[in-house]
Amino acid sequence: MSRTTQKASPKPPALAATLLQWYDRHRRVLPWRALPGKRMDPYRVWLSEIMLQQTTVATVGPYFTRFLERWPDVKALAAAPLDDVLHAWQGLGYYARARNLHACARVVATEHGGKFPDTEEGLLTLPGIGAYTAAAVAAIAFDRKAAPVDGNIERVVARLFLVRTPLPAAKPELRRLAASLVPETRAGDFAQAAMDLGATICTPKKPKCVLCPWREACRARQEGVAETLPARMPKKTKPTRRGVAFWAVRGDGAVLLRRRPESGLLGGMMEVPSTEWRGEPWSDAEAREAAPVAARWRALTGVVLHSFTHFDLELRILVGKTAARTATGKWVQPQALGGEALPTVMKKVIAFASGAPVGAPSRKVREEE
DNA sequence: TAGACGTGGGC
DNA sequence: TGCCCAAGTCT
């Protein structure tokens with residue numbers, strides 16, 4: 001141990017070497033990660049990186065495995081109908097990723113002969129690939145000296161260099177500092193090591209500094225402020241939107257679904273038809289005028305609550321038996337609902353509504369999760 | 001450029 | 001329990 005109280009800041013090559021040594025001993029085994037010394041199939045690197053955008057490792061695992069079994073390479077994925085991809089993606093969220101994933105596969109298959117571009121600039125031209133993913137794929141799949149900067153690396157770097165500027169204003173500086181650390185070789189391992197460090201040691205709350213390979217160099221730790229970084233601008237309050245969903249049941253038991261517009265919220269996914277989602281509550285009378293089919297609508301007691309990133313949704317349910325067969329949408333037998341591409345909020349609606357068969361008393365449960 | 005865009009898990 | 005946040009991208 002040094003007898004000095006304040007060490008000189010280690011230089012980037014030493015920091016990178018220290019982190020890579022740590023990674024060689026502590027690397028996590030993940031389905032999309034190559035064995036030590038091996039280079040991973042770019043398709044798998046790309047697929048995992050898209051799935052991992054704003055999504056936890058634990059959540060992605062089963063989706064990644066299923067996708068790979070069903071579509072083993074980019075040409076197979078490119079040949080799939082978009083609806084199959086959306087269906088396989090259901091529950092993962094941020095459905096634009098699934099649409100872009102499919103579009104990207106088609107571009108790679110048709111315009112690049114089934115091979116991903118092997119540079120950041122080339123990757124950046126593809127749908128759904130932004131600055132982070134281009135750098136990550138270039139480094140991990142092609143061993144390019146690129147510096148992907150995700151939320152983990154922003155946090156690690158903000159602490160290591162004591163960057164007090166709040167996000168997102170600090171992003172340019174954090175990118176510059178992150179790039180300064182990337183070693184000449186093993187850039188992909190370095191990126192994954194830094195992300196592992198952020199995910200397991202340099203965590204947002206209660207970082208395990210005592211276990212950190214960069215504990216001696218970390219300026220935030222020296223100042224005792226690691227847990228407070230990176231600073232963030234205060235978040236805005238989340239509004240509540242309200243709507244009424246129509247659970248229309250045909251004589252043969254089929255229920256009415258429809259497809260949402262191709263872009264925007266839950267784009268391309270199926271839904272239980274509903275009114276607009278707006279700030280003001282809907283009266284039953286007002287809602288009935290917006291019904292997708294003629295029926296005697298009965299309001300269920302309770303509401304379905306769902307929280308999106310930027311608003312909370314409060315959905316009341318109207319149930320109606322109908323003889324109409326011409327409504328715009330798709331009639332689906334209850335046992336066939338599993339074959340539809342349904343976002344989680346609509347699964348909540350279906351669970352709530354189908355628990356209250358037409359003619360039965362209204363449920364008194366307030367559906368929360 | 002700031003807001004839109006999902007969901008589930010941890011505390 | 002409600003808030004935070006997770007390997008971001010697009011417009």
Side-chain angles (χ1 to χ4, degrees), chain A residues 28 30-33 40 44-64 86 89-101 103-104 123-141 146-156 167-169 171-172 175 178 188 190-200 202-206 227 230 232-241 260-269 271 277 305-313 341-348 368-369:
Chain A
R28 292 185 291 172
L30 301 172
W32 46 85
R33 191 167 274 180
M40 181 53 85
R44 300 186 191 204
V45 174
W46 163 73
L47 179 62
S48 69
E49 290 300 342
I50 301 298
M51 288 184 167
L52 285 162
Q53 289 168 7
Q54 299 290 288
T55 310
T56 59
V57 164
T59 299
V60 166
Y63 285 88
F64 179 81
L86 287 172
W89 198 273
Q90 67 178 161
L92 251 195
Y94 284 141
Y95 298 95
R97 290 185 296 170
R99 288 180 263 124
N100 287 146
L101 183 86
C104 182
L123 289 159
L124 213 38
T125 67
L126 296 169
I129 297 185
Y132 163 78
T133 304
V137 174
I140 297 168
V149 180
D150 71 332
N152 289 121
I153 295 177
E154 283 180 347
R155 184 172 58 256
V156 169
L167 288 172
K171 280 174 181 284
R175 277 197 294 271
F190 178 80
Q192 294 179 90
M195 290 187 277
D196 273 15
L197 187 68
T200 64
C202 195
T203 46
K205 305 292 181 191
K206 301 191 183 307
E227 190 166 0
R232 293 177 189 277
M233 297 297 287
K235 61 195 169 302
K236 297 192 173 79
T237 58
K238 202 186 274 194
T240 296
R241 295 189 198 168
R260 293 180 60 84
E262 291 305 316
S263 65
L265 185 70
L266 309 175
M269 301 293 283
E271 68 172 355
W277 300 347
L305 300 177
H306 189 77
S307 189
F308 292 96
T309 305
H310 52 301
F311 67 94
D312 291 324
L313 179 64
L342 291 160
T344 296
V345 60
M346 289 302 152
K347 293 192 172 190
K348 290 186 189 179
E368 307 253 359
E369 277 300 330

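Numbers restart at 1 for each chain; the letters A, B, ... are given by sequence-line order, proteins then strands.
The backbone N or O of A/Leu342 lies less than 3.5 Å from no partner atom in the side chain of A/Lys347, so there is not a single donor-acceptor pair.
Within 4.0 Å of A/Ile140, counting heavy atoms only, lies no atom of the nucleic acid at all. Contact annotation for A/Arg155: backbone-only contact, meaning every heavy-atom pair under 4.0 Å involves sugar-phosphate atoms and none involves a base.
Dashed line: the shortest gap from a side-chain N or O of A/Arg232 to OP1 or OP2 of C/dC5 is under 4.0 Å. Between A/Thr344 and B/dT7, a side-chain N or O to OP1/OP2 separation shorter than 4.0 Å is present. The phosphate of C/dG8 has OP1 or OP2 within less than 4.0 Å of a side-chain N or O from A/Gln54. For A/His306, no side-chain nitrogen or oxygen approaches OP1 or OP2 of B/dG6 to under 4.0 Å.
A donor and an acceptor atom never sit less than 3.5 Å apart when one is taken from the side chain of A/Thr55 and the other from the base of B/dG8. Looking at A/Thr133, its side chain has no donor and acceptor atom pair within 3.5 Å of the base of C/dG8. With hydrogens and angles left out, the side chain of A/Tyr94 and the base of B/dG6 share a donor-acceptor pair within 3.5 Å.
Between A/Leu92 and A/Ala58, the one whose closest nucleotide on DNA chain B sits nearer the 5' end is A/Leu92.
For the residue pair A/Ala178 and A/Val149, the shortest heavy atom distance occurs at CB-CG2, 3.7 Å.
The nearest whole Å value for the distance from the CZ atom in A/Phe308 to the C1' atom in B/dT7 is 10 Å.
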For residues 53-61 of chain A, run the donor-acceptor check on the side chains, cut-off 3.5 Å, and write out each pair with its distance to 0.1 Å, sequence neighbours left out.
from	atom 1	to	atom 2	distance (Å)
A/Gln53	NE2	A/Thr133	OG1	3.0
A/Thr55	OG1	A/Met51	O	3.3
A/Thr55	OG1	A/Gln53	O	2.8
A/Thr55	OG1	A/Arg97	NH1	3.1
A/Thr55	OG1	A/Arg97	NH2	3.3
A/Thr56	OG1	A/Thr59	N	3.4
A/Thr56	OG1	A/Thr59	OG1	2.8

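Nearest nucleotide to the A/His310 side chain, out of B/dA4, B/dT7, C/dT9: B/dA4. If you check C/dC3, B/dG6, C/dG8 against the side chain of A/Lys235, the one that comes closest is C/dC3.
For C/dT11 and B/dG6, the P atoms lie 14 Å apart once the distance is rounded to whole Å.
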